[in-house]
Amino acid sequence: MNACVFCDLIEAGDALVADRPAAAAFLPRSPLAPGHTLVVPRRHVVDMFAAEDEDLAATMQLAREVAGALRDVAGAQGVNLLHASGEAAEQSVFHLHFHVVPRWSDDNFTTWPSGRSGRAGDAAPEHRLRRALELP
Ligand SMILES: [Zn+2]
């Protein structure tokens, strides 16, 4: 038993739908849509801020594979990739994960937020972001 439910799932292995050297995938308990899949790095890492580049790359590569499988097997016409890093972003399980949610043009739901942040002001002006991201 680990302190992390996702590490337990990876270790047990029987719930996985994909297993790669650095990433794994499994179905959530409460799927948003048929085929909704979670993709995680095998190594326990809390969120994207703490992730090593190779864990992120492996997880994204597997997310793409899962998306392709959902298209091929379930007839998905598209996917949404959902992610939260940090409590303020409503992350609920603190093992980095991405939701791959299959979409169909007639599925009658949206994963796009309809509201706007209540945060006032300009928390990250464009010029400060450019400097932080090394764009002159
Ligand atoms: Zn974990």
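For ligands, and for the atoms within them, numbers begin at 1 and follow the listed sequence. No experiment lies behind these values; they were computed from the predicted model shown.
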Review point. Which one of V93, T59, I10, L62 satisfies the side chain to side chain contact (heavy atoms under 4.5 Å, CB included) criterion with V40?
Key: I10

Revision key, fill the gap. Which of T37, D107, L82 passes side chain to side chain contact (heavy atoms under 4.5 Å, CB included) with V101? Answer is L82

**Study point:** H95 side chain reached by P41 side chain, heavy atoms, under 4.5 Å
**Key:** yes

Practice item. Calculate, to the nearest 0.5 Å, the distance between atoms CG and CG belonging to D14 and L16 respectively. Key: 7.5 Å

**Study point:** Separation between NE2 of H36 and CZ of R29, rounded to the nearest 0.5 Å
**Key:** 13.0 Å

Exercise for review: Around the Zn ion (ligand 1), list the protein N/O/S atoms within a radius below 2.8 Å, excluding water molecules.
Suggested key: C4 SG, C7 SG, H44 ND1, H95 ND1

Exercise for review: Please check if the side chain of T111 supplies one atom and the backbone of N80 the other of a donor-acceptor pair under 3.5 Å.
Suggested key: no

